[in-house]
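Single-structure report; data block below.
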2 protein chains.
Amino acid sequence: MNLIAKDSRITAMGMLVEAYTSLRTVLEQELHAHTGLSGPTFEVLLRLGRSPGRRLRMNDLAVEMHLSPSGLSRLVDRVAAAGLVAREACETDRRGAYAVLTAEGARRLAEALPVHERGLERHLAGALDPAELEQLTALLRRVRDHVRAEAGPIVAPLR
Amino acid sequence: MNLIAKDSRITAMGMLVEAYTSLRTVLEQELHAHTGLSGPTFEVLLRLGRSPGRRLRMNDLAVEMHLSPSGLSRLVDRVAAAGLVAREACETDRRGAYAVLTAEGARRLAEALPVHERGLERHLAGALDPAELEQLTALLRRVRDHVRAEAGPIVAPLR
DNA sequence: GTAGGGTTCTTGCGTGTGCAAACACTGATA
DNA sequence: TATCAGTGTTTGCACACGCAAGAACCCTAC
């Protein structure tokens with residue numbers, strides 16, 4: 001049995017794992033060091049901040065974040081306990097709930113955004129020139145779209 | 001505050017996250033459906049299987065898997081409970097321990113490998129032609145190396 | 001030889017997450 | 001209107017992981 005696996009697909013997968021892991025790790029470390037925010041907390045603020053009314057339905061936020069509904073519910077609990085978001089009832093569907101950015105949440109987000117941008121600039125844009133970055137984006141998009149098409153829409157959780 | 005973030009770096013990061021997440025998810029689902037093995041368990045078997053003597057020091061395995069020593073210790077507990085690996089004392093350093101593939105572990109690995117290969121073939125190689133795959137690998141490697149160089153060697157855990 | 005600082009691994013504890021069930025509500029059908 | 005299958009959210013539980021501390025051991029310096 002040959003397990004040496006010098007196969008180009010395995011190498012590509014390995015690089016995907018390593019690039020992703022190292023980039024995500026360093027970005028989260030810097031973010032936490034400069035703002036005290038965890039990765040998931042920042043992502044909640046970011047996604048709410050760029051949504052109309054600075055709010056999002058719990059379910060939509062869960063899908064965007066590749067989190068199960070229960071996982072998101074508790075993440076919002078924690079972010080809400082920190083005062084950065086609030087829950088708001090949905091007017092048209094009484095089962096529904098929104099997560100809304102608070103003023104304090106918006107402030108913390110404004111503070112964190114430049115840190116995130118700078119990290120991306122240094123660690124991602126610093127590695128590749130603009131044309132290469134476009135190339136990388138295009139290739140990754142093809143992979144994502146292909147996986148989603150082949151595998152049906154069951155591509156959410158399982159971390 | 002403009003949060004629309006059409007910025008190419010943010011897009012690139014988004015694609016990295018989505019390509020990685022969807023690929024990893026679909027591969028783990030298929031693996032589990034066909035072999036009953038979880039992703040981390042399979043990775044343990046794979047790494048041991050391609051190592052000389054089909055064994056690896058716990059610490060080395062932890063580093064390879066981007067896992068903390070304690071996380072790996074317990075992962076090996078579980079895989080050992082399933083009978084697929086065993087712990088073995090190190091002859092030259094009595095603090096040390098090896099994880100070794102058992103016969104049953106080798107059997108299950110041999111069974112799982114084609115499933116993994118086929119998944120990679122379908123979902124990764126199926127999205128890109130060979131030249132593009134090389135290109136992707138090269139770009140990702142540049143990102144990884146750049147991050148590691150910039151950030152010092154503190155790029156392990158934090159999931 | 002023995003002291004002491006560094007290492008390898010494991011264990012106690014806290015935490016973040018998924019799954020399944022519970023709950024509240026909606027919307028379509030009769 | 002009454003019913004009922006389906007949807008949106010939260011909660012109970014289990015589990016995998018990281019951190020810090022502990023235990024056993026190595027190795028160098030004296």
Side-chain angles (χ1 to χ4, degrees), chain A residues 17 21 24-26 28-29 31-33 36-44 55-82 84-100 153-159, chain B residues 17 21 24-26 28-29 32-33 36-44 55-82 85-100 153-159:
Chain A
V17 172
T21 306
R24 161 157 244 183
T25 303
V26 70
E28 292 198 358
Q29 282 177 348
L31 185 72
H32 190 268
L37 262 29
S38 74
T41 296
F42 173 70
E43 200 179 334
V44 166
R55 65 184 199 171
L56 235 29
R57 287 288 293 266
M58 295 293 285
N59 229 332
D60 298 339
L61 190 51
V63 172
E64 283 193 22
M65 295 195 59
H66 303 278
L67 229 53
S68 69
S70 76
L72 179 79
S73 186
R74 281 189 265 244
L75 173 56
V76 169
D77 286 349
R78 299 191 297 275
V79 184
L84 310 185
V85 303
R87 267 176 239 255
E88 200 173 86
C90 175
E91 316 77 32
T92 65
D93 183 343
R94 280 164 50 197
R95 292 166 303 182
Y98 286 100
V100 211
I154 21 87
V155 191
L158 187 74
R159 282 212 167 161
Chain B
V17 172
T21 305
R24 159 156 248 183
T25 302
V26 71
E28 292 198 358
Q29 281 177 347
H32 189 267
L37 262 28
S38 74
T41 296
F42 172 70
E43 200 180 333
V44 166
R55 64 183 198 170
L56 236 27
R57 288 289 293 266
M58 295 292 285
N59 230 330
D60 298 340
L61 190 51
V63 171
E64 283 192 21
M65 297 195 58
H66 304 277
L67 229 52
S68 70
S70 76
L72 179 78
S73 187
R74 278 187 269 241
L75 173 56
V76 169
D77 286 348
R78 297 191 299 273
V79 184
V85 303
R87 268 174 240 255
E88 200 172 86
C90 175
E91 315 78 31
T92 65
D93 183 342
R94 281 165 49 199
R95 292 166 302 183
Y98 287 99
V100 212
I154 16 89
V155 191
L158 188 73
R159 281 211 169 165

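Below, chain A is the first sequence line, B the second, and so on; all start at residue 1.
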Looking at [atom1] of [X] and [atom2] of [Y], how far apart are the two atoms once the value is rounded to the nearest 0.5 Å?
X: Leu61(A); Y: Tyr98(A); atom1: CG; atom2: OH; value: 12.5 Å
X: Met65(A); Y: Thr21(B); atom1: CE; atom2: OG1; value: 11.5 Å
X: Glu64(A); Y: Arg57(A); atom1: CD; atom2: CZ; value: 13.5 Å
X: Arg55(A); Y: Glu88(A); atom1: CZ; atom2: CD; value: 5.0 Å

Return a single string for nucleotides 7-13 of chain C, one symbol per nucleotide in 5' to 3' order, where B is base contact, S is sugar-phosphate-only contact and - is none, cutoff 4.0 angstrom on heavy atoms.
BSSBBBB
Rounded interatomic separation in angstrom, taking [atom1] from [X] and [atom2] from [N]:
X: Leu67(B); N: dC15(D); atom1: CG; atom2: P; result: 18 Å
X: His32(B); N: dG18(C); atom1: NE2; atom2: C1'; result: 13 Å
X: Glu91(A); N: dT26(C); atom1: CD; atom2: P; result: 13 Å
X: His66(A); N: dG18(C); atom1: NE2; atom2: P; result: 12 Å

Report yes if some heavy atom in the side chain of [X] is under 4.5 Å from a heavy atom in the side chain of [Y]; otherwise report no.
X: His66(A); Y: Thr25(B); result: no
X: Arg74(A); Y: Ser68(A); result: no
X: Met58(A); Y: Leu72(A); result: yes

Any side-chain N or O of Arg78(A) under 4.0 Å from OP1/OP2 of dG14(C)?
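So the side chain of Arg78(A) is outside the cut-off, no N or O lying under 4.0 Å from OP1 or OP2 of dG14(C).
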Within the structure, does a side-chain N or O atom of Arg94(A) lie under 4.0 Å from either OP1 or OP2 of dT7(D)?
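No, because none of the side-chain N or O atoms of Arg94(A) sits under 4.0 Å from OP1 or OP2 of dT7(D).
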With Val79(A), which of Leu75(A), Asp77(A), Val76(A) fulfils side chain to side chain contact (heavy atoms under 4.5 Å, CB included)?
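Running side chain to side chain contact (heavy atoms under 4.5 Å, CB included) over Leu75(A), Asp77(A), Val76(A) with Val79(A) returns exactly one hit, Leu75(A).
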Is DNA chain D part of any stem, that is, at least 3 consecutive Watson-Crick or G-U pairs with both distances under 3.5 Å, and where?
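Counting only runs of 3 or more consecutive pairs, the stems involving DNA chain D are C:1-30 with D:1-30.
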